[in-house]
Amino acid sequence: MIKNKGLILSMDVVEKQKAIMIAEETCDSVDAIKVGYPLVLGAGIGIIGELARYAPVIADFKVADIPNTNKLICEHVFKAGADSVISHGFPGRDSLSSCIETAEEFGKEVYVVAEMSHPGATDFFLPVAESIAEMAVECGAAGVVAPATRPDSLKRIRNIIGNELKIMSPGVGAQGGKASDAISSGADWIIVGRSIYKSQYPKKVAESIVAEIESVTR
Ligand code: 3DU
């Protein structure tokens with residue numbers, strides 16, 4: 001995925017028309033649109049192809065199964081038109097490798113959740129985040145997902161993965177993280193959902209986030 005604006009829109013609305021309307025409004029300010037279970041269950045898998053007309057689509061299914069099931073999920077997602085898929089790492093190396101091998105067959109990418117952004121991530125995730133980030137490098141992932149809500153974690157994970165892998169970072173806005181902090185701490189992209197799609201003026205909010213990103217990258 002090409003980094004330009006540094007913003008990924010998380011499209012967690014559940015209606016097709018609303019998703020398309022927001023994509024139309026915001027596509028000039030985003031490098032990709034991330035879709036997950038809420039929108040795909042609400043609007044059907046065809047929404048991936050529809051949104052791909054506006055921006056590359058990241059399928060955030062947090063794939064977390066045995067290798068064969070992961071392969072079947074990824075095949076479906078890429079055939080539907082997604083540019084990349086988000087996978088979990090905790091099911092292990094063989095499961096992650098299956099996602100990556102399938103992505104390679106389609107010329108697509110896999111991003112691995114290294115550490116989640118919500119408070120409950122401290123229950124189980126934090127102690128394994130660094131090992132998952134190492135595994136993402138070893139298995140050939142395109143990048144990892146790491147929390148804007150914990151800039152220190154972002155810095156640690158950036159140190160582990162080096163500069164070749166990318167970091168996409170959720171948790172800005174509704175979850176309390178700040179775009180400029182996340183970018184300054186090593187994120188390539190920030191992922192923003194509710195602050196944009198729940199706003200009365202999604203285009204303006206997206207533009208102001210891009211301006212904030214630019215304030216620390218230029
Ligand atoms: O909090 P927001 O509304 O800006 O949405 C964040 C999106 O990123 C949402 O789709 C959520 O499922 C996803 N995400 C996280 O928030 C945290 C993670 O660790 C991974 C993905």
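Residues take their numbers from the sequence shown, with the count starting at 1. Every number for a ligand or one of its atoms is a count from 1 in the order of the listing.
For atom 4 (O) of ligand 1, the nearest non-hydrogen atom of the protein is Gly193 N, 2.8 Å. Ranking the protein heavy atoms by distance from atom 17 (C) of ligand 1 puts Ser117 OG, 2.9 Å first. For atom 18 (C) of ligand 1, the closest non-hydrogen atom on the protein side is Pro170 CG, 3.5 Å. The shortest contact between atom 11 (C) of ligand 1 and any protein heavy atom is with Lys34 NZ, 4.1 Å.
Closest heavy-atom approach to atom 10 (O) of ligand 1 within the set Ile196, Leu39, Asp12: this belongs to Asp12.
Gln175 and Ser117 are linked by a side-chain donor-acceptor pair at a separation below 3.5 angstrom, with hydrogens and angles left out of the test. Judged by distance alone, the side chains of Glu75 and Thr102 never bring a donor and an acceptor atom under 3.5 Å apart.
For the pair Gln175 and ligand 1, the shortest N or O to N or O distance falls below 3.5 Å.
Residue contact check for ligand 1: His118 places no non-hydrogen atom closer than 4.0 Å to it.
Interface of Ser10 with ligand 1, defined as ligand atoms under 4.0 Å from a residue heavy atom, comprises 7 (C), 9 (C), 10 (O). Atoms of ligand 1 found under 4.0 Å from any heavy atom of Lys62 (numbered from 1 in listed order, with element): 12 (O), 14 (N), 20 (C), 21 (C). Atoms of ligand 1 found under 4.0 Å from any heavy atom of Arg194 (numbered from 1 in listed order, with element): 1 (O), 2 (P), 3 (O), 4 (O).
Taking the side chain to side chain contact (heavy atoms under 4.5 Å, CB included) definition, one finds that Asp188 meets it with Lys3, Arg158, Lys166, Ile167, sequence neighbours left out.
In this structure, NZ in Lys18 is found 13.5 Å from CD1 in Ile20, a value given to the nearest 0.5 Å. How far CD of Glu115 is from CZ of Arg156: 6.5 Å, rounded to the nearest 0.5 Å. Note that the OH atom of Tyr197 and the CD1 atom of Ile33 stand 14.0 Å from one another [nearest 0.5 Å]. Residue Ile213 holds its CD1 atom at 11.5 Å from CH2 of Trp189, rounded to the nearest 0.5 Å.
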